[in-house]
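None of these values were measured; they are calculated from a predicted model. We're numbering straight along the sequence, starting at 1.
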Amino acid sequence: MSKITCYRGHIRNWEALASELNIDAKSMSREAREEAILLAAYEAWHEDMGNHLHGMFALAIEDGDKIFALRDQFGTKPFYYYITEDGKLLYGTYIRDILTQPGFEKKLNEKMLQLYLSLTYVAGEETFFDGIMKLMPGQFMIFENEELYIEEYWSPDFAHPDEIAEEKESLEDFADEIHETMQQMFREVKTPDEKVESFLSGGVDSSYVFALSDAEEADTCGYEEARFDESYLAAETAKNLGRKLNRLCVEPEDYFAVVPDVMRDMEQPLGDASAIVFTLGCRAAAEHTKICYSGEGSDEMFGGYNMYRNADRYGENLPSFYVGNTNIMKEDMKEKILKNYDPSVLPIHLAKDIYEETEGYDYLSQMQEVDIRIWLEGDIYLNVDKMSTAAGLEIRMPITDTRMFDIAARLPREFKVNEEQNKVAFRTAAAKVLPEEVAFRKKLGFIVPIRIWMADSKYNQDVVRLFHSDIAEKFFHVDEINKIFDAYVGGDSDLWRQVWTIYTFLVWYEIYFVKNEMREA
């Protein structure tokens, strides 16, 4: 008899699945109905069950001597596995599920440091723990008789330019389709008895989600430093919608104090400075709600980043350099600062298969697919999952759904980006429920005043400590990384990303390999 051995997630189309699988789920608790649905889906569809599920999920099912594991299409929930020397499979939705099991041998996968210094997150199948692997988004895995089999059941494939050229839909047609699908998401994403709030920034994504939801209040973060603070835009949106806004003012003392918690709970280093603010925001929201909406996914699907306008200019050079949203440390700098630099370990290799699969596609679609498959999974969704869970908060992302992607995949380029605007079709849809000045507001990004804060000796003492530590000596030429730090403090504020990325790795390494700390399972 099959049984679920681990699962985390939220199945949003549970009502349709329960009807199709003949399960009387309405009287069940959420935990019981999802377990019943997942087991019935496995019995009905086996390896194809992922194509019937919408939502967030990572799970393993024990079926006799066989273990079947599945991860959702976009990778919003992680799944890790490790094969011991005697051929036993260790697995879980947290790395800590594996670290304490018999047969696991903890070693650093130092190759990942070289990739991390460029990307600021852990991309691809490997992790910083040697031998612990990630099941990638849209994949299932079977382990039987000490044999491992992995297959992709879904991938974010944009339409070929020839297919897009045949599209007859107008911009308004696409906007209507986006809006109708968004409304469908909100019919599924919560039950009537669940009380939900919504994260709100100054951007169109969170504003659109908040406007369509029945959330009575939203949560936002701001700063005393006015040029970094977009919470006033969130306040304008909330006022326009006639709803309450809870604002957390993030102070530098609170920001730096929580860094070790973030690196511990993330389980791998993450150099995204906004993750620290997000953590504080999750903790604040969790004081008065257990579920919160967030707007992740639309930038990558619908063409939200300003750099996408340069796709044609990058052109056929993309496969030689574009590996996603961040690339903050070049090879010459890494070669200078790393003691064990390996010239064969290059970030662009992570995207090689994607470029081969999308050869002949338009350059914008290639950039989007790289971001969805590498950046979203490795940075954005990891941050959302780990930090919200650690705070006791559940985040649901209505836009992150294959049905939304199916629309985005068919959009002509001019309905994604043009000379004046990005996310054109998505913004046109959002304008159905938002004022135009909100729907077409320029993208600001989730910026943090860290470039100012970290240069201040009141806040950077732990950076200084670790940059001169035995840990730093183990991996870096300490004089070289301190030259970078000194240049940053001396006025070259653009170097803050390099300093921060080195620092977050050192914090994480100290926690997991010196202090041997981790969150309780």
Side-chain angles (χ1 to χ4, degrees), residues 10 12 30 55-56 76 179 182-224 226 228-251 254-255 258 274-298 380 383-385 387-401 429-439 441 443-448:
H10 173 253
R12 62 176 56 166
R30 172 183 162 186
M56 310 177 294
T76 63
H179 191 60
M182 283 287 285
Q183 290 175 311
Q184 180 184 352
M185 298 300 99
F186 280 97
R187 290 192 291 269
E188 295 180 354
V189 78
K190 68 178 282 289
T191 55
D193 61 306
E194 289 178 321
K195 186 177 183 298
V196 178
E197 293 182 13
S198 194
F199 282 123
L200 184 62
S201 68
V204 64
D205 311 332
S206 61
S207 299
Y208 192 17
V209 166
F210 188 37
L212 282 176
S213 76
D214 63 356
E216 296 176 357
E217 53 191 283
D219 302 272
T220 196
C221 293
Y223 314 101
E224 293 292 344
F228 294 94
D229 184 25
E230 60 177 280
S231 65
Y232 73 94
L233 296 172
E236 289 176 7
T237 301
K239 183 178 179 180
N240 181 276
L241 295 172
R243 305 189 208 177
K244 179 182 175 183
L245 180 69
N246 306 303
R247 179 183 182 269
L248 172 70
C249 182
V250 176
E251 303 286 352
D254 299 328
Y255 184 94
V258 82
S274 67
I276 314 299
V277 179
F278 183 71
T279 298
L280 295 169
C282 285
R283 290 182 178 185
E287 293 178 3
H288 40 81
T289 187
K290 292 301 178 188
I291 306 172
C292 217
Y293 291 137
S294 193
E296 279 76 18
S298 76
I380 303 300
N383 179 23
V384 168
D385 174 66
M387 295 303 95
S388 62
T389 304
L393 184 70
E394 181 180 2
I395 290 184
R396 299 181 187 170
M397 300 172 285
I399 300 170
T400 298
D401 193 286
K432 296 178 184 295
V433 291
L434 292 169
E436 287 215 357
E437 62 268 22
V438 176
R441 183 183 285 152
K443 182 176 178 62
L444 298 177
F446 195 24
I447 51 179
V448 183

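Every side-chain hydrogen bond (donor to acceptor under 3.5 Å, both in side chains) that E296 has, sequence neighbours left out, goes to S294. Applying the side-chain contact (heavy atoms from CB on, under 4.5 Å) criterion to A285, with sequence neighbours excluded, gives F199, D219, T289, L393. Listed by chain and residue number, nothing satisfies the side-chain hydrogen bond (donor to acceptor under 3.5 Å, both in side chains) test with T279 (two or more places apart in sequence, or in another chain). In this view, E436 and F440 satisfy the side-chain contact (heavy atoms from CB on, under 4.5 Å) rule, not counting sequence neighbours. Evaluation of the side-chain hydrogen bond (donor to acceptor under 3.5 Å, both in side chains) rule for S231 yields D229, R247 as partners, not counting sequence neighbours. Residues satisfying the salt bridge (charged side-chain N to carboxylate O under 4.0 Å, His left out) test with R12, not counting sequence neighbours, are D401. In this structure, F228 has no ring-ring contact (aromatic ring centres under 6.0 Å, His included) partners at least two apart in sequence or on a different chain. Remark: K432 pairs with E172, D176 by the side-chain hydrogen bond (donor to acceptor under 3.5 Å, both in side chains) rule, at least two apart or across chains. Shown here are the ring-ring contact (aromatic ring centres under 6.0 Å, His included) partners of Y293, two or more places apart in sequence or in another chain: F186.
Across all non-hydrogen atoms, the minimal contact from P398 to V209 is CG-CG1, 4.2 Å. Of all heavy-atom pairs between V433 and A211, the closest is CG2-CB, 4.0 Å. Scanning both residues, S201 and E230, for their nearest heavy atoms gives CB-OE1, 3.6 Å. The two residues I399 and G297 have their closest heavy-atom pair at CG2-C, 4.2 Å. Nearest heavy atoms, C221 versus G281: SG-CA, 3.7 Å. Minimum interatomic distance between I395 and M56 (heavy atoms only, all atoms of both residues): O-CE, 3.3 Å.
A salt bridge links R396 to E194: one of the charged nitrogens lies within less than 4.0 Å of a carboxylate oxygen.
At least one side-chain heavy atom of L248 sits less than 4.5 Å from a side-chain heavy atom of L280. Using a 4.5 Å cut-off on side-chain heavy atoms (C-beta onward), E197 and H288 make contact. The closest side-chain heavy-atom distance from R30 to T191 is not below 4.5 Å. A 4.5 Å side-chain heavy-atom check between V438 and N240 finds every atom pair outside the cut-off.
Dense packing is recorded around NZ of K195, with more than 12 heavy atoms of other residues, nucleotides or ligands lying under 6.0 Å away.
T237 places a side-chain N or O within 3.5 Å of a backbone atom of L233 that can act as its donor or acceptor partner. Proximity of a side-chain donor or acceptor of R243 to a complementary backbone N or O of A218 within less than 3.5 Å is not detected.
Separating the CG atom in L241 from the CG atom in L212 is a distance of 10.0 Å, to the nearest 0.5 Å. Atoms CG and CG, from L200 and D205 in turn, are 11.0 Å apart once rounded to the nearest 0.5 Å. Once rounded to the nearest 0.5 Å, the distance linking CZ of R187 with CD of Q184 reads 5.5 Å.
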>> Set out, in order, the CA-CA distance, both residues' side-chain angles and the distance that settles side-chain contact (heavy atoms from CB on, under 4.5 Å) for L245 and T220, then state yes or no.
In response: CA-CA 7 Å; L245 180 69; T220 196; 3.8 Å; yes
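Judged as a side chain to side chain donor-acceptor pair (under 3.5 Å), the pairs with a partner in residues 207-217 (not counting sequence neighbours) are, in order, H179-Y208, K190-D214, E217-N246.
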